[in-house]
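Computed from a predicted model, the values in this text were never measured in an experiment. In the text below, chain A, chain B and the rest are named by the order of the sequence lines, each starting its count at 1.
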Amino acid sequence: MSRRFNRRKFLVYGSASLGATFFLKACASNTPGDTAATPGADSSPAADASPAATPAAATTSGDTIKVGILHSLSGTMAISEKSVVDAEQLAIEEINAAGGVLGKKIEAIVEDGASNWDTFREKATKLIDQDKVAVVFGCWTSASRKNVKPVFESKDHMLWYPVQYEGQECSKNIFYTGAAPNQQIEPSVDWLLQNKGKEFFLVGSDYVFPRTANTIIKAQLEAKGGKVVGEDYLPLGNTEVTPIITKIKQALPNGGVIYNTLNGDSNVAFFKQLQGAGLTVDKYPTMSVSIAEEEVKAIGVEYLKGHYAAWNYFMTVDTPANKKFVEAFQKKYGKERVTNDPMEAAYIAVYLWKQAAEKAKTVELAKVRAAAYGETLDAPEGKVTVAPNHHISKTVRIGQVRDDGLFNIVFATPEPVAPVPWNQFVKETKGFACDWSDPKKGEKYKA
Amino acid sequence: MLTGLLDGLFNGISIGAVLLISALGLAIVFGLMGVINMAHGELMMLGAYTTFVVQNGFKKIGGVGFELYIFVALVLAFLITAAVGLLLERGVIRYLYGRPLETLLATWGVSLILQQFVRSLNWVLVIGLVLFSLLFFGGQWILNQRTSFGRVRNWIVAVLLLLSAGVSFAVGKFLGDTYKLAVTQPWFGAQNVDVTAPSWLRGGLPLGNFQLPYARVFIIVLTVVCVLGVYQFLQRSVWGLRIRAVTQNRSMSACLGIPTQQVDAITFAIGSGLAGVAGCAISFLGSVGPNTGQNYIVDTFMVVVVGGVGNLLGTIVASLAIGTVNYLIGSGTLALLLSAVKPLADFFTFFATTSMAKVMVFALIIAFLQYKPAGIFPQKGRGVEL
């Protein structure tokens with residue numbers, strides 16, 4: 001057989017690969033990833049409101065305000081981030097239907113970060129320099145946020161970040177609408193101490209968020225008379241949890257609290273095997289910080305019934321604003337869809353930015369930033385206020401998984417909790433605070 | 001002390017059983033055939049998805065029928081993954097025998113394709129694929145009936161490829177535009193799906209102060225059944241004899257009239273089918289999603305390599321040994337047992353977290369392979385070429 005690559009072969013293979021490319025493209029253009037970029041194309045009343053991701057419109061029209069949406073629509077994080085994009089698109093569509101911002105319609109430019117932190121940086125630069133957007137809503141993982149942070153800071157631009165995170169950050173150019181640690185973890189530990197027991201076992205995935213969270217929990221328990229009887233970390237994606245369950249049984253033979261900061265696939269394995277090993281919810285209640293309505297659906301209600309989760313928002317929150325939000329969301333995306341905390345935080349981020357822009361009467365970055373401080377909104381989760389430290393005050397809630405996979409809210413703080421980005425339990429940042437309304441104070445000052 | 005020992009033994013065996021059942025198919029494919037199949041994990045993932053589909057089907061029936069769905073799921077998972085494996089062997093791997101590096105890369109590519117396939121599987125994709133295969137392969141078959149076009153054959157194939165790709169593209173596009181979400185909505189999506197074991201597999205059998213999880217017991221039984229089945233098949237059946245013959249000496253077997261190509265196809269299909277059964281089993285313990293297979297692939301290769309390539313007994317011993325060691329170190333049992341000897345206890349306490357236990361196990365394996373490079377039971381004789 002001749003190994004020579006002659007002209008005929010070249011033509012044959014060339015046309016074959018061309019054909020294959022077309023074919024794959026045909027499939028790709030119908031995959032959910034792309035429809036996600038332009039939802040609304042399928043629901044006719046929304047069609048005019050979402051010219052998303054159409055660059056032609058972006059360059060020609062002068063009576064719109066361009067905003068960037070930067071999330072992963074492909075790769076591992078697409079699971080979570082796609083629904084956040086849905087929520088942001090919904091908010092933009094609602095604002096446009098009500099007349100837009102400063103008399104102009106908002107035009108969303110959706111970029112895919114592809115679960116790759118370098119891509120996030122490139123796309124952020126592109127949105128700012130090329131599309132000249134007024135603001136960017138985006139990111140999920142701390143890694144992606146840390147990667148785009150220098151971009152937003154060097155260009156003095158603005159990012160709204162919608163996910164609960166580990167704190168220890170307070171950038172001038174980022175607004176954080178998810179929970180700071182003191183708005184999720186600390187109240188839940190207090191609640192567990194009062195209601196469920198003093199002995200804690202900490203389980204987490206082996207990366208920055210769970211380890212930081214557990215440092216906080218340990219310091220807090222020490223200060224308040226609780227006790228950590230053991231802790232263990234699973235590598236991301238690990239699904240063999242038998243050794244951990246044995247350790248829990250050894251450390252807590254008569255029952256106790258399990259504080260769970262696992263992320264992703266490990267959660268499924270953990271709860272499935274927890275039940276098999278006979279660690280039932282009445283003796284071993286579990287508090288999770290990364291299991292929301294969507295995750296419950298993926299793990300299976302049977303395994304999670306009765307366990308607890310701490311968030312600022314649950315789909316079952318009883319406020320008029322939430323009723324409206326859930327109704328509008330399900331109308332647009334389908335009855336079987338659920339809403340969760342990061343989606344709500346992303347949804348209100350758009351509204352908060354709109355309010356700030358209207359108060360400032362411009363979309364100019366510095367003025368919007370100054371105008372944002374003190375802005376309040378009747379959000380689905382209750383009243384929220386933007387603090388000068390770029391985080392927002394939020395109500396903290398604890399929910400218990402019920403039969404239909406939603407949460408029964410068993411506790412809520414009476415007032416919204418003010419955000420504390422710098423951790424007061426960790427030695428290095430104890431006593432520090434952040435205030436961007438006063439140029440002398442800034443990112444980190446000794447309070 | 002006794003219950004502690006029993007507990008340790010049972011847990012070690014149950015971790016080992018999960019390793020063994022996921023490695024069993026690979027032991028055949030990699031061990032007997034020498035094919036480095038990086039898509040083994042994805043075949044398990046397909047088995048898990050089959051379980052999910054069967055479960056949803058049986059949910060509609062409800063009642064006692066639902067409780068028994070896993071037996072249907074096991075059989076279907078075996079058949080479907082075996083079929084996919086057969087397709088993979090006929091379509092890709094048979095062109096790459098004797099070229100391990102290319103096999104490795106090709107099967108890795110296949111694994112990525114399979115992952116994305118379950119993410120974006122929808123009616124448009126299915127219809128497009130079926131139409132394309134019908135047009136392209138059907139057209140080729142019809143053309144092959146006529147033998148007169150020898151010289152221009154390649155041209156005709158190329159044109160056929162373009163035509164069928166174009167037609168299926170157009171039909172897919174048309175369907176997508178006409179029926180919108182009804183056909184473009186993915187069946188599974190990128191999100192993990194929920195496989196809930198029937199109620200008799202949830203919970204466990206209380207024994208003193210510890211509890212045997214039914215799902216674990218079920219997996220141990222299933223593993224034993226699979227191992228015995230494979231053993232019987234290889235030792236007692238005609239095809240098993242042929243497989244062993246081809247493994248030992250391919251050219252001699254061919255000379256003696258054994259259809260080696262069929263043997264290859266059947267061996268690969270059985271190995272893939274076992275991966276499907278494993279996928280069904282692990283869906284009761286872990287998550288089911290497009291990435292599920294990735295969580296198991298490293299462990300399965302580890303087991304087969306430690307056990308010794310080409311040897312089922314080695315795989316069994318290796319998986320049980322790795323499972324037990326992993327459990328003893330990771331759960332801190334070893335540190336507890338050695339608490340009398342302070343420095344040793346401290347040493348093992350340091351390794352008594354899940355991450356560090358893995359480090360320790362890998363270190364032990366590397367040390368072991370230095371001492372015995374071909375695994376626990378190295379293959380002897382003429383057939384050894386690896």
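- To the nearest 0.5 Å, atom OG1 of residue B:T354 and atom CG of residue A:D232 are 3.5 Å apart.
- Within the 4.5 angstrom heavy-atom criterion, only side-chain atoms of A:N238, from C-beta onward, approach chain B.
- Counted within 6.0 Å of CH2 on B:W187, heavy atoms from surrounding residues, nucleotides or ligands total more than 12; the atom is thus considered enclosed.
- Atoms OG and CD, from B:S199 and A:E302 in turn, are 8.5 Å apart once rounded to the nearest 0.5 Å.
- For a residue to count as touching a neighbouring chain, one of its non-hydrogen atoms must lie under 4.5 Å from one of that chain's; by this rule A:I299 touches chain B with the backbone only.
- Between B:S355 and A:D206, the side chains place a donor N or O and an acceptor N or O closer than 3.5 Å (distance only, hydrogens not considered).
- For the pair A:K272 and B:V195, the tightest heavy-atom approach, listed with the atom from each and the gap, is NZ-O, 3.0 Å.
- In this structure the side chain of B:I15 reaches within 4.5 angstrom of the side chain of A:E240, judged on heavy atoms.
- Atom CG of A:L234 and atom NZ of B:K358 lie 9.5 Å apart (nearest 0.5 Å).
- At a 4.5 Å heavy-atom cutoff, the contact between B:Y296 and chain A is made by side-chain atoms alone.
- Only the side chain of A:Y303 comes within contact range of chain B, with heavy atoms under 4.5 Å apart.
- The most heavy-atom pairs under 4.5 Å with chain A, out of B:L285, B:V193, B:T196, come from B:L285.
- When each of A:G300, A:S266, A:G230 is scored by its heavy-atom pairs under 4.5 Å with chain B, the top score falls to A:G300.
- Counting heavy-atom pairs closer than 4.5 Å to chain A, the top residue among B:G289, B:G332, B:G166, B:P213 is B:P213.
- A:T246 meets the side-chain hydrogen bond (donor to acceptor under 3.5 Å, both in side chains) test with B:Y327; sequence neighbours excluded.
- Looking at every heavy atom in both residues, B:G330 comes nearest to A:P243 through C-CB, 3.7 Å.
- Of the atoms belonging to B:A357, not a single heavy atom falls under 4.5 Å from chain A.
- In terms of heavy atoms, A:T242 sits closest to B:R216 at OG1-NH2, 2.7 Å.
- For the pair A:K297 and B:D194, the tightest heavy-atom approach, listed with the atom from each and the gap, is O-CB, 3.2 Å.
- The candidate from B:A352, B:G8, B:G204, B:G12 with the greatest count of non-hydrogen atom pairs under 4.5 Å with chain A is B:A352.
- No part of A:E295 comes within reach of chain B, as not one of its non-hydrogen atoms sits under 4.5 angstrom from that chain.
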